[in-house]
Number of protein chains: 2
Amino acid sequence: MTAKSEQTRQLVADVALRMFREVGFEKTTMRAIAAGAGVSVGNAYYYFASKDDLVQELYVQVQAEHAAKAHETLEGLKDLGSRLKATLHAGLDVMAPYHRFGADFVATAIRPTSPVNPFAGESTAAREASLAIFRAAVEGASPPAPKKLRADLPELLWLGYMGIALFWVYDTSEDQRRTRKLVDGVVPLITRSLSLARIPGVNKVLDDVLGLSRSIRA
Amino acid sequence: MTAKSEQTRQLVADVALRMFREVGFEKTTMRAIAAGAGVSVGNAYYYFASKDDLVQELYVQVQAEHAAKAHETLEGLKDLGSRLKATLHAGLDVMAPYHRFGADFVATAIRPTSPVNPFAGESTAAREASLAIFRAAVEGASPPAPKKLRADLPELLWLGYMGIALFWVYDTSEDQRRTRKLVDGVVPLITRSLSLARIPGVNKVLDDVLGLSRSIRA
DNA sequence: CTCCCCTTTTGAACATGTTCAAAATTGAGT
DNA sequence: ACTCAATTTTGAACATGTTCAAAAGGGGAG
């Protein structure tokens, strides 16, 4: 009975995500989720192998929202700076309701065994989806990014985004204003640095950075 | 009886750290630690408020070893590159026995509530101790680092070290060779980048980077 | 309708981190 | 040596993530 089954699964997920948002990670016990959804504990486990799996459910949803919002905002934007800024702010917008939950999310995600982990393995679905968002921001830019960098830039930006997300987790300022400021300040620095790549001395170091980055990943 | 008390505490810590090393974080249960030390579970909790506290004990010890080893190795080294390389490799040496435990350590440390967390709050003791190691590497260098950077460089390097440590956690190559390569490749890039700081265009961007970094931390 | 197999659901049981009231031990003062 | 308050130790109890054998439900073949 696919219909009823899918309904139960969705119900459990919805209750879990709402509780994550409203009362945080630790207070959201599997028993509470089950009770809230009107099912037994074992039934919740029939659909989600672990509490971490529910975190992944959240991750996937946040990711999808980020992609959608970024895609939408990027419509009218041409230059790389604006596109990047829009992409990063879109990410922060989507994460905002989960801020109190952020630290636990990071702690969960960072385990190599976590299905959410963006670093582990090579091409996690999670990482690919996130990367695609930055690839879109870079590829649609005009003027385009320096040819030499175009292949690696999305991955580097994505890595930077992970850093920004980490900063965001610890940002206790109201509505995480500091992270917003960080984004606004960092984006112009990135675009300006890119134009420095033409200076011969800088270019040489850049070559070596890219070389190292590629050799390490190999 | 301070002596006996200290002895018990030390015993519990020793057993815990050995088990962390030998069987990993999850398999090292509080019951197993207590049994191994020949005390009751409650007694272990009398000395360590939580399992995380035992992780901190490990962190403090690793930190101290790193500081000692770095200090020792730095004796004969003059130029910043060598000093940095020695400092980073010393860190990897000290962490090596705990590699299998690394991911759990990171997951524990990254929680804002963790006593080990290097980012949370302002001047965690842990962070200060770690920073001091890099300050020593920078301050003793000749030729000295660019004046403009001297104040911020240790903190930036420390941040880079956190990144390297994260890379190390996920490094599945034998004896974490890739991380060693990363260190060896990244250090020359850093020193060469520092010398680029004299180029006017680069210098201007650098000023802005430092300005942003300071305004965000304020 | 009945039987049978597959999916779904249940709830008790287990492992582990943590708490706590009570017991045991200790050391100083007499 | 005795007393007593503080320190140390104990082990049972609790909360929570997770497992699992058994029960319930559902739908197609006969």
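Proteins come first, then strands; the chains are lettered A, B, ... in the order of their sequence lines, and each starts at number 1.
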*Does A:E26 or B:N43 map to a spot on DNA chain D nearer the 5' end, using the closest nucleotide for each?*
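The residue whose closest nucleotide sits nearer the 5' end is B:N43.
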*Start at the 5' end of DNA chain D and walk down; is the nucleotide closest to B:A44 or to A:K27 reached first?*
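Comparing both residues, the 5'-ward one is B:A44.
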*Answer yes or no: is there a side-chain heavy-atom contact under 4.5 Å between A:Q61 and A:E57?*
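No; the side chains remain at least 4.5 Å from each other.
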*Which is true for A:Y47 with a 4.0 Å heavy-atom rule: it touches a base, it touches only sugar-phosphate, or it touches nothing?*
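Counting heavy atoms under 4.0 Å across all strands, the contact made by A:Y47 is with sugar-phosphate only.
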*asked:* Just to be sure I understand the rule, does B:V41 reach a base, reach only the sugar-phosphate, or reach nothing, if contact means heavy atoms closer than 4.0 Å?
replied: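 B:V41: base contact, heavy atoms under 4.0 Å.
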In this structure, how many angstroms lie between the [atom2] atom of [N] and the [atom1] atom of [X], rounded?
X	N	atom1	atom2	value
B:Q7	D:dT9	CD	C1'	15 Å
B:I33	C:dT18	CD1	C1'	13 Å
B:F48	D:dT9	CZ	C1'	15 Å
B:R31	C:dT16	CZ	P	7 Å
B:Y45	C:dT19	OH	P	7 Å
B:D104	C:dT16	CG	P	15 Å
B:K51	C:dA15	NZ	C1'	12 Å
A:R9	C:dT9	CZ	C1'	17 Å

*Are B:S40 and B:N43 close enough, and set up right, to give a side-chain hydrogen bond (donor to acceptor under 3.5 Å, both in side chains), and what steps lead you there?*
CA-CA 5 Å; B:S40 69; B:N43 200 10; 5.1 Å; no
Using a cut-off of less than 4.0 Å, is there contact between a side-chain N or O of [X] and OP1 or OP2 of [N]?
X	N	result
B:Y46	D:dT9	no
A:S5	C:dT8	yes
A:T8	C:dT9	yes

*asked:* Between A:R127 and A:E155, does any NZ, NE, NH1 or NH2 come within less than 4.0 Å of an OD or OE carboxylate oxygen?
replied: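 Salt bridge present between A:E155 and A:R127.
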*Taking the side chain from B:D171 and the backbone from B:S173, do they hold a donor-acceptor pair closer than 3.5 Å?*
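At least one qualifying donor-acceptor pair exists.
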*asked:* Checking contacts here: which listed nucleotide (C:dT18, D:dT18, D:dG11) is nearest the side-chain heavy atoms of B:M30?
replied: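 The closest nucleotide is C:dT18.
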*Is it true that B:F105 and B:F25 have ring centroids separated by less than 6.0 Å?*
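No, the ring centres sit 6.0 Å or more apart.
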